[in-house]
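First the structure, in the form of structure tokens, and then the observations on it.
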Amino acid sequence: MNIEMIRAAAARLKGHARATPLLNAPLLDDLAGRRVWVKPECLQLTGSFKFRGAWSALSALAPDVRSKGVIAFSSGNHAQGVALAAKMHGVPAVIIMPSDSPTLKIENTRAYGAEVVLYDRAGESREEIGDKLAQDRGLTLIKPYDEPQVIAGQGTTGLEIARQAAEQGIEKADLIVCCGGGGLTSGIALALEAEAPGLRVRTAEPEGFDDVARSLQSGQIERNARSSGNICDAIITPQPGEITFPIMQRLAGPGLVVSENEALQAMAHAFNRLKLVAEPGGAAALAAALFRSDEIEGDDVIVTISGGNVDAAMFIRALETLA
């Protein structure tokens, strides 16, 4: 992984992905005790940053390889990103999704034209299912985070943040990223190292699934004891990636951990103050900025809202936390 791969991915994404803004709301500043800047990747195509990595990976494949089709495993956001990128390239896609994924994400993935294969995340291995299908059908596996071209695509978010922060005069700040396997975090970290070294990446994860925070603390890859059981499904992974962890270990600050209720409150604040729709996992970084202020330094903090694919019932639950 290097900055040139990220810049090349940005060139391939031009005209296909959205350049999302960097937003600020004074009422969020009051809650956090500092200026809060929000990078709303919930406004990206398919409702999350995952489209960046998906398009980057598919567009980097040799045409004869890509034409045979692709396969991916995901709880929903990577699924939708790969499904749409494949549709736009005119190639087939098979997506392996947990049976307990939010209904909206399953339906959207199918609507983008992908074949969806459901599995039990507590008793089956998505990697084993994916490997077998890939071999049987000649499909190329697009991993959700531990894949160089996926990381490069996610890193384009960091290039945009570096430019936007400079426009706002932000030279030093923590940049909190909603983190699962570390694709977005590591990609942004590499982009910032080259373009905005005064910005430090930090991870935000849900309680009980803080494998990255524990790994950063111990210096080695730590696994989660469970594979499900939290509303922040979009950022629940077994452990950090083999490619992503060394990058985060070198460039990221200490990890931050938030509760389910804090994620729900952050969703409500994002809607009330910025009119943004966030999903629980996508609101984890904002929750950390609002409720872990004593663990953050400086006058500014930047956060990603990494996704907005939330079922209506969950969104109502979030809004009711501030009722």
Side-chain angles (χ1 to χ4, degrees), residues 17-29 31-32 34-53 75-78 80-81 102 104-105 154-158 160-161 164-165 168 170 173-180 182-185 187-188 199 201-206 230-236 256-292 296 300-311 314-315 317-319 321-322:
R18 292 173 182 154
T20 55
L22 192 66
L23 305 176
N24 171 258
L27 292 177
L28 286 181
D29 299 348
L31 289 171
R34 55 176 54 84
R35 287 187 295 273
V36 179
W37 301 90
V38 176
K39 181 67 168 172
E41 281 294 294
C42 51
L43 301 179
Q44 188 54 259
L45 294 178
T46 72
S48 90
F49 73 95
K50 291 287 192 175
F51 178 77
R52 295 177 185 262
S75 65
N77 286 337
H78 181 60
Q80 294 171 84
L104 176 68
K105 294 182 178 181
Q154 319 306 25
T156 63
T157 313
E160 290 178 16
I161 292 173
Q164 292 163 334
Q168 297 294 338
I170 306 168
D174 279 347
L175 197 168
I176 307 174
V177 182
C178 309
C179 187
L184 180 62
T185 305
I188 289 177
L199 305 183
V201 163
R202 299 185 67 183
T203 59
E205 297 173 285
N230 192 285
I231 62 173
C232 297
D233 64 284
I235 56 173
I236 292 177
L256 299 160
V257 183
V258 300
S259 69
E260 287 190 334
N261 191 59
E262 288 166 341
L264 289 169
Q265 289 183 61
M267 290 170 61
H269 285 303
F271 179 73
N272 287 340
R273 308 309 180 199
L274 290 168
K275 306 310 172 192
L276 294 173
V277 174
E279 62 191 275
L286 179 58
L290 297 178
F291 305 115
R292 297 292 178 271
I296 303 167
D300 295 274
V301 63
I302 304 170
V303 304
T304 63
I305 292 184
S306 56
N309 294 308
V310 57
D311 288 342
M314 183 64 71
F315 193 63
R317 180 179 166 188
L319 296 179
T321 63
L322 301 184

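The shown structure was predicted, so the numbers you read here are calculated from the model rather than taken from an experiment. No hydrogens, no waters, no symmetry mates; every other heavy atom, side chains included, goes into these values.
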TODO: Determine yes or no for a side-chain-to-main-chain donor-acceptor pair under 3.5 angstrom, with Glu160 supplying the side chain and Thr157 the backbone.
DONE: no
Q.
Go through it in stages, so that I can follow the logic: the residues are Val177 and Ser306, the test is side-chain contact (heavy atoms from CB on, under 4.5 Å), and I'd like the CA-CA distance, side-chain angles, deciding distance and then a yes or no.
A. CA-CA 8 Å; Val177 182; Ser306 56; over 6 Å; no
Q: Say whether, by atom type as modelled, one donor and one acceptor occur between the side chain of Gln154 and the main chain of Thr185 under 3.5 angstrom.
A: no
All heavy atoms of Thr321 vs all of Ala268, minimum pair found to be OG1-CB, 4.1 Å
d(Leu319 CG, His269 NE2) to nearest 0.5 Å is 11.0 Å
- Item | Validation row: Met314, Pro102 side chains within 4.5 angstrom (heavy atoms) | no
*Is Leu31 close to Leu290 at the side-chain level, that is, under 4.5 Å between some pair of heavy atoms?*
yes
dist Thr156:OG1 -> Phe49:CZ (nearest 0.5 Å) comes out at 10.5 Å
I want to check something: taking the side chain as every heavy atom from C-beta on, are Ile302 and Ile176 in contact at a cut-off of under 4.5 Å? no
Taken to the nearest 0.5 Å, the spacing of Leu184 CG from Cys179 SG works out to 8.0 Å
Smallest heavy-atom separation, Asp29 atom then Val36 atom, equals OD1-N, 2.8 Å
Here the gap from Leu322 atom CG to Met267 atom CE, rounded to the nearest 0.5 Å, amounts to 11.0 Å
Checking the side chain of Glu262 only, and the main-chain atoms of Val258 only, is there a donor and an acceptor separated by less than 3.5 Å?
no
Decide yes or no for Leu274 and Pro40: does some side-chain heavy atom of the first lie under 4.5 Å from some side-chain heavy atom of the second?
no
d(Ile188 CD1, Thr304 OG1) to nearest 0.5 Å is 6.0 Å
Start with the C-alpha gap between Gln168 and Asn24, add the side-chain angles, then the distance that decides, and say whether side chain to side chain donor-acceptor pair (under 3.5 Å) holds.
CA-CA 11 Å; Gln168 297 294 338; Asn24 171 258; over 6 Å; no
In terms of heavy-atom contacts, Pro21 and Leu43 come closest through CD-CD1, 4.4 Å
Minimal heavy-atom distance between Cys42 and Leu276, with the atoms involved, is SG-CD2, 4.2 Å
Decide yes or no on side-chain contact (heavy atoms from CB on, under 4.5 Å) for Leu27 and Asn272, but give the supporting numbers first.
CA-CA 10 Å; Leu27 292 177; Asn272 287 340; over 6 Å; no
Taking every heavy atom of Val303 against every heavy atom of Ala289, the minimum-distance pair comes out as CG1-CB, 3.7 Å
Check your understanding: Below 4.0 angstrom, N of the basic side chain to O of the carboxylate: do Asp311 and Lys105 qualify?
Key -> no
From the list Pro206, Cys232, Cys178, side-chain contact (heavy atoms from CB on, under 4.5 Å) partner of Pro280 resolves to Cys232
* Between Asp233 and Gly281, is there a donor-acceptor pair closer than 3.5 Å when you use the side chain of the first and the backbone of the second? -> no
Subject >> Side-chain donor or acceptor of Gln164 paired with backbone N/O of Thr20 under 3.5 Å >> reply: yes
| message | Below 30° counts as parallel, above 60° as perpendicular, anything between as tilted: where do the rings of Phe315 and Phe271 land? | response | perpendicular
I want to check something: taking the side chain as every heavy atom from C-beta on, are Leu199 and Ile170 in contact at a cut-off of under 4.5 Å?
yes
Q) Got a salt bridge between Asp174 and Arg202, using NZ or NE/NH1/NH2 to carboxylate O under 4.0 Å? A) yes
To the nearest 0.5 Å, atom NE2 of His78 lies from atom CD of Gln80 at 11.5 Å
Exercise for review: Might you work through the side-chain contact (heavy atoms from CB on, under 4.5 Å) test for Ile231 and Arg317, ending with a clear yes or no?
Suggested key: CA-CA 11 Å; Ile231 62 173; Arg317 180 179 166 188; 3.8 Å; yes
Review point. Any salt bridge between Lys50 and Glu41, counting N to O under 4.0 Å?
Key: no
Practice task
Examine distances only and state if a side-chain atom of Gln44 and a backbone atom of Arg18 form a donor-acceptor pair shorter than 3.5 Å.
Solution key: yes
Just wondering, do Leu256 and Thr203 contact through their side chains at under 4.5 Å, heavy atoms?
no
Review point. Under 4.5 Å between any side-chain heavy atoms of Leu104 and Val310, yes or no?
Key: no
Margin query: Between Asp300 and Arg35, is the salt bridge (charged side-chain N to carboxylate O under 4.0 Å, His left out) condition met? List the steps.
Written below: CA-CA 5 Å; Asp300 295 274; Arg35 287 187 295 273; 2.7 Å; yes
Thr46 vs Asn77 side-chain heavy atoms within contact, under 4.5 Å = no
In short, Ala263 meets Ala283 closest at the heavy-atom pair O-CB, 3.7 Å
